[in-house]
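Computed over heavy atoms, backbone and side chain alike; hydrogens, waters and symmetry mates excluded. Proteins come first, then strands; the chains are lettered A, B, ... in the order of their sequence lines, and each starts at number 1.
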Number of protein chains: 2
Amino acid sequence: MSKKKEKPIAVSVIKRLPVYYRFLTTLHSKGVERISSSELAEKLGVTASQIRQDLSQFGNFGQRGYGYRVANLKEAIAKILGLDNQMDMVLAGAGNLGKAIINYPNFKRRGFYIKGIFDVNPELIGQEVAGLLVQDISLLADFLTNNRIDIGIITTPPESAVDVADIFVRGGIRGIWNFAPVSLNYSGKVLVENVHISESLLTLSYMIDEKFGSKS
Amino acid sequence: MSKKKEKPIAVSVIKRLPVYYRFLTTLHSKGVERISSSELAEKLGVTASQIRQDLSQFGNFGQRGYGYRVANLKEAIAKILGLDNQMDMVLAGAGNLGKAIINYPNFKRRGFYIKGIFDVNPELIGQEVAGLLVQDISLLADFLTNNRIDIGIITTPPESAVDVADIFVRGGIRGIWNFAPVSLNYSGKVLVENVHISESLLTLSYMIDEKFGSKS
DNA sequence: TAGATTGTTAATCGATTAACAATC
DNA sequence: TAGATTGTTAATCGATTAACAATC
C-alpha cells in the first residue's frame, strides 16, 4: 500500500529530513531526552521556523511549552523516510568508491541491503567484499530478473554508466543512486539521485576565490 | 587580487556551473562546435531560460541568432570557477573513500593538487597512494604550518572528523570538503562544503516509496 | 534580408522567515 | 498558574520561468 498522499511535500523539505535524523541519532546516543526547535536550529545552522515548518508537513511531533522528545522525533522521521522498510540494492563498479559505499556501516540498520556487486574487471570478479562475491557485469541483467531489486548503485567510470543504467531500468529497478559524472535522464520511469562528488569541489573552489580572493 | 565583486551571485547558480562545465567538456571532446541554450537545456533537463539567466550573471558568452561556441563557453566557465588557478589540498582519512577521491583523474587537469595524505591507521601510514606516502595524522598540524594549503578534505570516520577539522582551521586552511556525516560549523572563518553521501540515499528511498508505494 | 537565438526585464512561482495564537 | 514552545498563518524574500526586444 502506498502512503496517504495529502499534499506533495517539497523536495527541499525531504532533503533536510536526513540531516535532522542524523543529528537526532547523535543526540539520542548521548542520552539527550528533549530538544526545542531553536536548540536544534542553532546546532544545525538553520532557523527554528524552518524546522517547525518542515516537521509540521508530516504531523505534530512536539509538545507546546516543552519541545520534542528526541527518541520520538527520531523514530517519527525514520518512519517518514521509510527506514522501517527494507530496500534491496545492487552495486555496479567495485572500485574504491564502490567498496567505500558497500562498507558503509549503517545501511542494514536503516533497512538498506546490498544483494549483489558487479564489475567488469577480471581482477575484482570473484573477490569478496563485505561478505558478497563480486560478479561479472554480464550476469547483472539476469540477476535483476531473478531478484526484486529496488535501487541500483552506479560507481563505475563515466563511460559505462549509461549502459549500466539501461540494464538497471530494463531490469525493473525503481531508483538509481548515481555517482558517475554523467546526466541520466529517465524522466518518470525511474528515480535518479545523482551524487556528483567532484562538482561540489568546483563550487567550493569558486566560493574560496570569492571570499578570500584567488591566489594568482 | 580578488575578483571584481559586482553583485553577489546566488549559490544556486554557482552549483549549476559545474554541471554546465561537465557537459560542455563532453560536447567539446565529441567535436561539437556550437550549442543553443535550448539544446543544452534539453540535454540537462533544465529550462533554456535558466541557462541564459545563469550565464548572463557573468557576462555575454553567446551570439544572438547563433548560440554558444562550445569551446568558448567551456573556457569561460572554467575561468569563472577558477579552474585556471591552482588549489592545494590535503586529505585526512586514507580508507576506500579517501583513495577513491585521491585517484579522481581530473583533479590536476582542473588545478587541484593533493599535497599530503594523512591517517591514524598504522597499516596505512607509509603506504603509497597515487605517488604520495600516507603520513601519520599527528604530523598534519606541522605540515599545514610549513605548506600553504587551500583545501582540507575529510574522509575520516565521523568520530574524528571534528578534530581533523579543528586542525585544518588552526592550520589556516580556507575551505573544507567534508565527507564525514557530521555538521561542521565554522561560521565565517572557513568555508565548508558537505558531501553527505548517505543522506542522498535516504532522500531517494523516500521518493521511491512516494512514487511507487512502499513494499510493506 | 529573414530566421534564429541571445540577453534581460517583468511576472510567477515557491521556499523561507516572522509572528503569534494555541496550548502544554 | 506562568513560562515556554509548538503549530500554523501571513509576509517576505529569492529563484525560476515567460516573454520579447535586441541583434547576429
Side-chain angles (χ1 to χ4, degrees), chain A residues 6-20 23-24 27 32-77 80 187 203 206-207 210, chain B residues 6-20 23-24 27 32-77 80 187 203 206-207 210:
Chain A
E6 290 102 5
K7 22 197 143 153
I9 310 282
V11 177
S12 52
V13 175
I14 295 157
K15 285 190 186 294
R16 283 189 294 265
L17 293 182
V19 183
Y20 302 157
F23 196 77
L24 289 163
L27 287 177
V32 178
E33 285 198 358
R34 70 161 280 285
I35 192 158
S36 68
S37 57
S38 45
E39 289 170 287
L40 196 51
E42 211 225 308
K43 303 283 188 178
L44 294 174
V46 300
T47 65
S49 242
Q50 184 164 70
I51 291 175
R52 294 203 301 280
Q53 182 74 277
D54 284 353
L55 296 176
S56 74
Q57 315 261 339
F58 302 98
N60 299 0
F61 305 114
Q63 276 172 257
R64 288 170 203 242
Y66 176 85
Y68 301 87
R69 291 196 180 278
V70 170
N72 288 171
L73 187 56
K74 171 178 173 291
E75 278 319 299
I77 294 178
I80 295 166
S187 43
T203 307
Y206 175 91
M207 294 192 298
E210 197 64 10
Chain B
E6 290 99 6
K7 22 196 144 158
I9 310 283
V11 177
S12 51
V13 175
I14 295 158
K15 284 189 187 295
R16 282 189 294 266
L17 294 182
V19 182
Y20 302 156
F23 196 76
L24 289 164
L27 287 177
V32 179
E33 284 199 1
R34 70 162 282 282
I35 192 158
S36 68
S37 58
S38 46
E39 290 170 287
L40 196 51
E42 211 225 307
K43 304 282 189 179
L44 294 175
V46 300
T47 65
S49 244
Q50 183 163 73
I51 291 175
R52 294 203 302 277
Q53 181 74 276
D54 285 352
L55 296 176
S56 73
Q57 313 263 340
F58 302 97
N60 300 0
F61 306 114
Q63 275 172 259
R64 291 170 200 241
Y66 175 84
Y68 301 88
R69 294 196 178 277
V70 170
N72 288 171
L73 187 55
K74 171 178 173 290
E75 278 318 300
I77 295 179
I80 295 166
S187 43
T203 306
Y206 174 92
M207 294 193 297
E210 197 65 10

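Atoms CG (A/Asn60) and P (D/dT6) sit 12 Å apart, rounded to a whole Å. Atom pair A/Leu73:CG and D/dT6:P shows a separation of 10 Å (rounding to whole Å applied). Rounded to whole Å, the distance from CD on B/Gln57 to C1' on D/dG14 is 12 Å. The separation between B/Arg69 atom CZ and C/dT5 atom P is 14 Å, rounded to whole Å. Atom P of nucleotide C/dG14 and atom CD1 of A/Ile14 are separated by 15 Å, given to the nearest angstrom. What separates CD of A/Gln50 from P of C/dG14 is a distance of 17 Å, to the nearest Å. Atom CD1 in A/Ile35 sits roughly 15 Å away from atom C1' in D/dA4 (whole-Å rounding). When rounded to the nearest whole Å, the span between CG of A/Asp54 and P of C/dT17 equals 10 Å.
Across all strands, A/Thr47 comes closer than 4.0 Å only to sugar-phosphate atoms, never to a base (heavy-atom distances). Residue A/Ser12 is classed as a sugar-phosphate contact, given heavy-atom separations below 4.0 Å to backbone atoms only. Here B/Phe61 lies in heavy-atom contact (under 4.0 Å) with sugar-phosphate atoms only. In this structure, A/Ser38 reaches neither bases nor backbone, as no heavy-atom distance under 4.0 Å exists between it and the strands shown.
Side-chain atoms of B/Arg64 and base atoms of C/dT6 include a donor and an acceptor less than 3.5 Å apart. With hydrogens and angles left out, the side chain of A/Gln63 and the base of C/dT23 share no donor-acceptor pair within 3.5 Å. The base of D/dT9 lies close enough to the side chain of A/Gln53 for a donor and an acceptor atom to sit less than 3.5 Å apart.
How far CD1 of A/Ile77 is from CG of A/Leu55: 5.5 Å, rounded to the nearest 0.5 Å. Note that CD of B/Glu33 and CG of B/Asn72 are 10.5 Å apart. Values are rounded to the nearest 0.5 Å. Within the model, atoms CG of B/Leu40 and CZ of B/Arg52 stand 11.0 Å from one another, a figure rounded to the nearest 0.5 Å. Atoms CD and CD1, from A/Gln57 and A/Ile14 in turn, are 9.0 Å apart once rounded to the nearest 0.5 Å. Rounded to the nearest 0.5 Å, atoms OH (A/Tyr68) and CD1 (A/Ile51) are 8.0 Å apart.
Applying the Watson-Crick and G-U wobble criteria (two distances, each under 3.5 Å), C/dC20 pairs with D/dG7. Under the Watson-Crick or G-U wobble criterion, with both distances below 3.5 Å, D/dA15 is paired with C/dT12.
Taking only side-chain nitrogens and oxygens, B/Tyr68 never comes nearer than 4.0 Å to OP1 or OP2 of D/dC24. Put simply, B/Arg16 has a side-chain N or O that comes within less than 4.0 Å of OP1 or OP2 on D/dT16. OP1 or OP2 of D/dG7 has not a single side-chain nitrogen or oxygen of A/Tyr66 nearer than 4.0 Å. Residue A/Ser49 has no polar side-chain atom (N or O) positioned under 4.0 Å from OP1 or OP2 of C/dA18. An OP1 or OP2 oxygen of D/dT6 is reached within less than 4.0 angstrom by a side-chain nitrogen or oxygen of A/Arg52.
Contact check on B/Arg34 versus B/Glu39 returns a salt bridge, with a Lys/Arg side-chain nitrogen under 4.0 Å from an Asp/Glu carboxylate oxygen.
Each of A/Val46 and B/Ser36 was matched to the nucleotide of DNA chain C holding its nearest heavy atom; the match closer to the 5' end belongs to B/Ser36.
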